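Treat the numbers as computed from the prediction; the structure is a model and nothing was measured. In what follows, every chain begins at residue 1, and chains take the letters A, B, ... in the order their sequences are listed.
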Amino acid sequence: MSKRVAWRKIWRKDSVTTEQPALVVDHLTKRFGDRTAFSDVSFEVAQGEVFGFLGPNGAGKTTTVRTLGTLIAPTAGSATVAGIPLTRANGVEIRQRISVMPESPGLYLRLTVAENLEFFAGLYGVRDVRSRIRDALEAVNLAERSGDLCGGLSKGLRQRVGLARALLSDPVIMFLDEPTSGLDPVAAREVHDLINVLRHRGVTIFLTTHRLDEAERLCDRVAILNTTLRTVGRPTELRQQLFTSALVVKTVGPLHDPGLLFKATPGVLSWRADDAGAYVLSVSDPRVAAPEVARALVGVGADILSISEAQHSLEDVYLELVDEDVEARKR
Amino acid sequence: MMALDLSRVAAVVRKELRDYRRKRSIVVGMLILPAIFLIEPVLFVFLGAPDPVGDPSYRAPLLLLLLIPVITPSTLAAYSVAGEREQGTLEPLLTTPIRQLEFIIGKAAAVMIPSVGLSYLVFGIYLVVVRLFANPVVAAGIFNEGPMLLALFLFTPLLTGWSIVVGMAVSVRAGEIRVAQQLGMIASLPPLGVVVLMVTGVIAPTFTAALVFAAVLLAVDVLALRGISGLFDRERLVTGSKASRP
Ligand SMILES: Nc1ncnc2c1ncn2[C@@H]1O[C@H](COP(=O)(O)OP(=O)(O)O)[C@@H](O)[C@H]1O
Ligand SMILES: [Mg+2]
């Protein structure tokens, strides 16, 4: 496992103190004029955690990364990044401790792989530039390509150069903004493998994605964002939480006033009609809610076809949580 | 208080020079103008009638030569930010610890070095050609213009500086590199007015005048540099607008 050896060289355990969280975000909001990119977002990320930031396009993921990466200033709220309060004055110090891989890797295409890394090593004030670059390239399996012009690399390889660049400075936190978007499955898989290696080395990773399977596969915890934070939890918890908390109600004909009915039913938190004409109810406990729902339906004289516990996948959870046309709402 | 980390500035300069060297349109663009502007003054040396020493016509070619430090850097400077933005490299660069001022100075120095180098090289060639090949009367006439030669020497980096500041300002705001280059070039011309006034004799070309105007140009450059530094706010560079703070 030469890859692992290389990572070990890169990751310096002593740069991390395990007590304080790597990231504390407290009621953070960013508005552009009257357009809200994200609002009232709070969460913590522990050191060594791979934290997934999951949300559809336009949810505010990139803006969050830019804000925490000190590129843009929050409109309200506060945060602590790598132990340092997020203020304008602390920008240099914070940036020294983190690395950010933006949505597109942004390499200088007329420079070679090594020259690109050399530039960033200079900006971070890295010592032992040559060995550091070699280690970073070995870590992403690109050692033999160090003399290639970046303009001649495939998208997947460029992404790997971007990852190598993010590793150069031995960051306390790595922010990866949709690191696999636009990659073919093989290249995406390679990036996943790299992130898994990093996770085992204990690097804190803040990973944004709009892909559920990616979040589920890679992350210790996942936050679901759609302008506001919808939920945070371990992927299994999230699934469980929603797996057991929905009922699907089918009736022979449409209900006269489902809103009024379900609102008055004990144990039902919310409801929606799905495409097939069934009613999907969010409930706190199905064993309490199901009989209540049955009684209520009978009470209004509805013809019940079935009442069943929903077989929610994490995808359903996700879709339900983000089920709003954010883009349209903002326009 | 803003400390400068010179190693970061140097990293920017090294990267920029590498990148420029490998962009054909930049190299050609940089070399073509000086070559053209050198032709006329050299022809003047050979074809010009040997006027008596002190004739103002000896000063005209110098004006043309001073177009080099004005125009050459504006092309490069216009590319400096717009080019990064177009390549998508601006954002990763800004996520590093580099400070606003280090970024500006690194970018400016990377334009200054080749532009001033090239300008002095062309003047050198011109003066050598005059010394070696010109009619002795013409040569004497040109070397007699001491104040103008001093002005040439002093104004070159200062005009370059102005051009760079203007070009970078335009580069930040312009959506397109080409637009930035054209606007930048036009906007960098006004300080040449001083040279025109000296060449035409409206302002007597004395050593004092050369020194005074050099000082004025320096002050203008410094003020302009300060003026544009607000444009290099990270948020503005990334999103195109400055954050309205609560
Ligand atoms: N510079 C900006 N100016 C105005 N609105 C912006 C800007 N950047 C992002 N937004 C808006 O903020 C919202 C979140 O965008 P973004 O953070 O890019 O989402 P994501 O990365 O999750 O796709 C979108 O509605 C987007 O249009
Ligand atoms: Mg995004």
Side-chain angles (χ1 to χ4, degrees), chain A residues 29-33 37 62-63 65-77 88-89 91-112 115-116 118-126 129 149-151 158 161-162 165-166 168-169 171 175 177, chain B residues 1-27 79-80 83-103 105-107 110 230 232-246:
Chain A
T29 297
K30 177 64 186 183
R31 278 188 285 273
F32 296 104
T62 296
T63 308
V65 168
R66 286 175 169 172
T67 306
L68 296 177
T70 77
L71 289 184
I72 61 183
T75 314
R88 200 181 185 81
V92 176
E93 216 184 323
I94 290 176
R95 290 195 296 276
Q96 187 74 54
R97 295 199 189 187
I98 63 172
S99 68
V100 182
M101 188 166 86
E103 270 177 295
S104 76
L107 304 172
Y108 297 96
L109 301 183
R110 286 181 293 273
L111 302 190
T112 66
E115 286 165 348
N116 266 278
E118 190 191 315
F119 174 44
F120 279 79
L123 295 178
Y124 281 105
V126 167
V129 174
L149 287 181
C150 285
R158 286 182 196 180
V161 178
R165 186 181 63 194
L168 273 179
S169 61
F175 291 88
D177 195 3
Chain B
M1 147 75 214
M2 226 186 179
L4 264 193
D5 182 332
L6 288 179
S7 67
R8 284 202 282 259
V9 174
V12 174
V13 172
R14 200 173 318 125
K15 185 278 286 180
E16 294 282 291
L17 292 180
R18 263 186 188 143
D19 199 37
Y20 290 158
R21 271 209 312 274
R22 293 182 197 163
K23 191 164 159 69
R24 164 90 68 65
S25 66
I26 283 189
V27 175
Y79 182 78
S80 65
E84 295 257 10
R85 196 178 270 143
E86 201 166 88
Q87 286 198 74
T89 51
L90 191 57
E91 186 164 345
L93 171 54
L94 294 175
T95 65
T96 72
I98 194 168
R99 290 187 177 85
Q100 219 159 300
L101 196 61
E102 291 159 356
F103 179 75
I105 291 184
K107 287 264 171 193
F232 285 76
D233 173 75
R234 271 182 161 70
E235 176 146 4
R236 191 171 233 160
L237 288 176
V238 170
T239 68
S241 61
K242 200 161 178 163
S244 45
R245 291 177 159 270

Margin query: Need one label for A:Leu107: side chain, backbone, both or neither, based on atoms under 4.5 Å from any heavy atom in chain B.
Written below: backbone
Next item on the list: Could you look at A:Glu118 and say if it's the side chain, the backbone, both or neither that has a heavy atom under 4.5 Å from chain B?
Entry: side chain
Check: About how many Å separate OG1 of B:Thr95 and OH of A:Tyr124, when rounded to the nearest 0.5 Å?
Finding: 4.5 Å
Item checked: Proximity breakdown for A:Ile94 and chain B, heavy-atom pairs closer than 4.5 Å -> neither
Notebook entry, point to check: At what distance, to the nearest 0.5 angstrom, does CG of B:Leu237 lie from CG of A:Leu71?
Noted result: 9.5 Å
Next item on the list: Search all heavy atoms of A:Phe32 against all heavy atoms of B:Thr239 and return the closest pair with its distance.
Entry: CE2-CG2, 4.0 Å
Check: Is the shortest heavy-atom distance from the side chain of B:Gln87 to the side chain of A:Tyr108 under 4.5 Å?
Finding: yes
Item checked: Residue from A:Lys30, A:Arg66, A:Arg88 passing salt bridge (Lys or Arg N to Asp or Glu O under 4.0 Å) with B:Glu235 -> A:Lys30
Item checked: Most contacts with chain B, counted as non-hydrogen pairs under 4.5 angstrom, among A:Glu103, A:Glu115, A:Arg165, A:Arg110 -> A:Arg110
Check: Between B:Arg14 and chain A, which part of the residue has a heavy atom less than 4.5 Å away: side chain, backbone, both or neither?
Finding: side chain
Checklist line | Heavy-atom pair of closest approach, residues A:Gly106 and B:Pro92 | finding: O-CG, 3.7 Å
Next item on the list: Select, from B:Leu93, B:Leu90, B:Asp5, the one with the greatest count of heavy-atom pairs under 4.5 Å involving chain A.
Entry: B:Leu93
Note to self: If I measure from the heavy atoms of chain B, does A:Arg97 come under 4.5 Å with its side chain, its backbone, both, or neither?
What the structure shows: neither
Next item on the list: Please examine the side chains of A:Leu123 and B:Val12, heavy atoms only from C-beta on, and report whether any two atoms are closer than 4.5 Å.
Entry: yes
Check: Can you tell me how far CD1 of A:Ile72 sits from CG of B:Leu94, rounded to the nearest 0.5 angstrom?
Finding: 12.0 Å
Next item on the list: Check whether A:Phe175 gets within reach of chain B through its side chain, its backbone, both or neither, counting any heavy atom under 4.5 Å.
Entry: neither
Notebook entry, point to check: How far apart are the closest heavy atoms of B:Arg22 and A:Thr112, and which atoms are they?
Noted result: NH1-N, 4.1 Å
Check: Are the side chain of A:Arg95 and the backbone of B:Thr96 linked by a donor-acceptor contact shorter than 3.5 Å?
Finding: yes
